[in-house]
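Presented below is the structure to which this report refers.
A quick note: this is a predicted structure, and the numbers were derived from the prediction, not measured. Every chain is numbered from 1 and lettered A, B, ... according to where its sequence line falls, protein lines coming before strand lines.
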There are 2 protein chains.
Amino acid sequence: MTGTREKILDAAERLFGKHGVAATSLRRVTSEAGVNLAAIHYHFGSKQDLLDQVILRKAGPMNERRLKLLEEFEAETAPVPVSVEKIVVAFVLPMLLMDKTPDFSRFLGRVHAEGLIPEIAQRNFQPMFDRFLEALHRALPEMSTGELAWKIHFAIGALAHSLTSRPHLAGGNEPDSPLAIATRLVAFLSNGFRAPVTLEREIEVNP
Amino acid sequence: MTGTREKILDAAERLFGKHGVAATSLRRVTSEAGVNLAAIHYHFGSKQDLLDQVILRKAGPMNERRLKLLEEFEAETAPVPVSVEKIVVAFVLPMLLMDKTPDFSRFLGRVHAEGLIPEIAQRNFQPMFDRFLEALHRALPEMSTGELAWKIHFAIGALAHSLTSRPHLAGGNEPDSPLAIATRLVAFLSNGFRAPVTLEREIEVNP
DNA sequence: GTCTATAGGGGGATAGAC
DNA sequence: GTCTATCCCCCTATAGAC
């Protein structure tokens with residue numbers, strides 16, 4: 001028997017992820033959760049505070065799993081730096097395989113895509129980001145942290161997008177398990193991270 | 001002297017891109033455009049129709065530039081297939097360098113991220129997607145179209161995210177011109193597309 | 001084509017009984 | 001802790017004068 005607070009968090013996570021935060025009303029959340037509208041303000045105070053709590057409830061554990069995976073990989077290969085692939089796996093997998101349902105993953109993808117990561121969550125993610133940046137810099141010492149930061153940015157975009165939707169193109173109709181998607185994504189991103197940046201010779205084109 | 005209709009489209013493009021579609025009211029649009037609230041309904045009918053028109057106004061020309069670039073590259077190298085890099089350049093550059101301002105690009109990134117691409121735009125993008133899928137398949141014949149469709153999906157996510165925000169991480173504070181971003185992105189994505197997918201040996205991990 | 005005025009609904013938030 | 005009732009604002013959309 002889960003409490004009211006938990007039911008609200010579950011419903012908010014699901015609806016925010018499915019329709020977006022701005023497009024989801026608190027009335028829909030409480031209706032979906034089967035609780036009274038006022039409960040949301042009693043337990044959280046405001047929509048913004050609810051959003052923060054939905055993030056914080058699972059982001060902490062997720063980031064801990066990321067860091068734990070990374071440290072395990074590092075322990076295995078020390079003193080040799082961990083491979084790019086493994087760093088990407090440690091970053092991507094806990095997000096894609098969180099829980100049995102994809103609710104939280106999709107929710108976080110949405111929040112990222114809508115650019116709403118509040119400062120609260122920012123503070124929660126920053127140490128983890130820094131840690132992965134450092135690991136990447138060890139695996140790819142020839143790249144500046146500025147370049148690597150951009151690549152992480154690209155990777156987050158690809159990850160977030162793959163969490164909220166799937167290709168609406170022609171092609172196979174296989175269901176594509178989360179693990180299969182993760183495998184494709186890891187291969188794609190790892191190779192991306194390894195790409196040399198040739199900034200001195202920029203793209204030449206006449207637009 | 002631009003007309004009312006044009007002023008509304010410009011303002012909507014800017015605000016939708018900056019704050020998101022759901023979070024932007026028509027009142028803000030008309031206020032920003034310096035026109036009357038009713039004008040928006042006179043010229044477009046509804047918010048959804050306005051959204052469609054904002055997309056359609058520039059998506060057509062943009063996709064034509066994509067296809068034109070691709071065809072030029074193909075003409076240069078025929079009968080050898082075009083390189084992955086050039087295909088990615090043809091796909092990414094017209095989006096990143098559209099207009100002098102990044103308004104439309106950011107808008108499209110948002111719309112993609114919010115998952116709102118309406119069927120109207122879907123029909124507008126589909127032929128272009130198919131054409132690029134085909135070109136990629138020629139450049140990378142060992143990959144199935146299903147795999148390539150997923151990779152395009154990842155690429156769109158990275159592209160959209162890089163259009164709506166930039167890394168909030170430590171590191172350099174250089175302004176990062178659109179062309180510099182494009183160069184990094186092309187390098188990242190091209191290498192990603194070339195990544196072999198080893199689906200038979202999936203990631204092994206105990207979550 | 002452009003305005004004012006307003007309908008009509010849904011939104012977040014709160015007060016106060018229980 | 002949970003409910004009802006309600007405030008008050010902002011929203012989209014429309015009617016109708018000019």
Side-chain angles (χ1 to χ4, degrees), chain A residues 1-57 103 107-108 110-111 113-121, chain B residues 1-57 107 110-111 113-121:
Chain A
M1 191 52 193
T2 54
T4 298
R5 189 190 155 86
E6 222 58 34
K7 282 195 279 193
I8 292 174
L9 287 171
D10 288 342
E13 180 180 290
R14 223 183 65 74
L15 292 174
F16 285 167
K18 190 167 185 182
H19 307 288
V21 176
T24 301
S25 70
L26 297 184
R27 290 174 146 82
R28 281 192 71 173
V29 173
T30 50
S31 152
E32 169 105 359
V35 305
N36 188 276
L37 172 59
I40 221 169
H41 292 101
Y42 174 79
H43 285 285
F44 300 96
S46 73
K47 187 176 185 177
Q48 178 63 51
D49 290 332
L50 170 60
L51 177 60
D52 289 348
Q53 291 308 315
V54 175
I55 295 175
L56 287 182
R57 177 172 63 151
D103 285 349
F107 161 77
L108 249 195
R110 244 327 152 185
V111 170
E114 289 191 54
L116 309 160
I117 300 280
E119 322 80 51
I120 285 189
Chain B
M1 191 54 192
T2 55
T4 298
R5 190 190 155 87
E6 222 59 31
K7 282 195 279 193
I8 293 173
L9 287 171
D10 288 342
E13 180 179 289
R14 223 183 64 76
L15 292 174
F16 285 167
K18 189 165 184 182
H19 308 287
V21 176
T24 302
S25 70
L26 297 186
R27 291 175 136 80
R28 283 192 68 173
V29 173
T30 50
S31 152
E32 170 106 357
V35 305
N36 188 276
L37 173 59
I40 223 168
H41 293 101
Y42 174 79
H43 286 284
F44 301 97
S46 72
K47 187 176 185 177
Q48 178 63 53
D49 289 332
L50 170 61
L51 177 61
D52 289 348
Q53 291 308 315
V54 175
I55 295 174
L56 286 183
R57 178 172 63 151
F107 161 78
R110 251 318 158 186
V111 170
E114 290 190 54
L116 308 162
I117 301 278
E119 322 81 49
I120 285 189

Any heavy-atom pair between the side chains of B/Ser25 and B/Leu15 that's under 4.5 Å? no
State, yes or no, whether a side-chain contact exists between A/Gln48 and A/Asp52 at a heavy-atom distance under 4.5 Å. yes
Rounded to 10°, the helix from C/dG1-D/dC18 to C/dC18-D/dG1 deviates from straight, judged by its five-pair end axes, by 0°
Can you tell me the distance, in whole Å, between the CG atom of B/Leu15 and the P atom of D/dC11? 12 Å
Value in whole Å for how far the P atom of C/dT6 lies from CG of B/Asn36: 15 Å
Yes or no on salt bridge (Lys or Arg N to Asp or Glu O under 4.0 Å) for B/Lys18 and B/Glu13, after CA distance, side-chain angles and deciding distance? CA-CA 9 Å; B/Lys18 189 165 184 182; B/Glu13 180 179 289; over 6 Å; no
Restricting to non-hydrogen atoms, name the atom on B/Val21 and the atom on B/Lys47 that form the minimum distance, rounded to 0.1 Å. O-NZ, 3.2 Å
Would you mind reporting whether B/Val35 and B/Tyr42 have side-chain heavy atoms less than 4.5 Å apart? no
Short side-chain N/O contact from B/Thr4 to OP1 or OP2 of C/dT2, under 4.0 Å: yes
Are A/Arg57 and A/Gln53 close enough that some pair of their side-chain heavy atoms sits under 4.5 Å apart? no
Distance check needed: C/dT2 P versus B/Glu6 CD, whole Å only. 13 Å
Atom CZ of A/Phe44 and atom P of D/dT2: how far apart are they, to the nearest Å? 11 Å
B/His19 atom NE2 is separated from D/dC10 atom P, nearest whole Å, by 16 Å
Would you say D/dC10 has OP1 or OP2 under 4.0 Å from some side-chain N or O of B/Ser25? no
A/Glu32 and A/Val29, any side-chain heavy atoms less than 4.5 Å apart: no
Side chains of B/Arg28 and B/Ser31: closer than 4.5 Å at any heavy-atom pair? no
Report all interatomic pairs (protein N or O, nucleotide N or O of nucleotides 13-17 of chain D) with separations under 3.5 Å.
from, atom 1, to, atom 2, distance (Å)
D/dA13, OP2, B/His41, NE2, 3.3
D/dA13, OP2, B/Lys47, N, 3.1

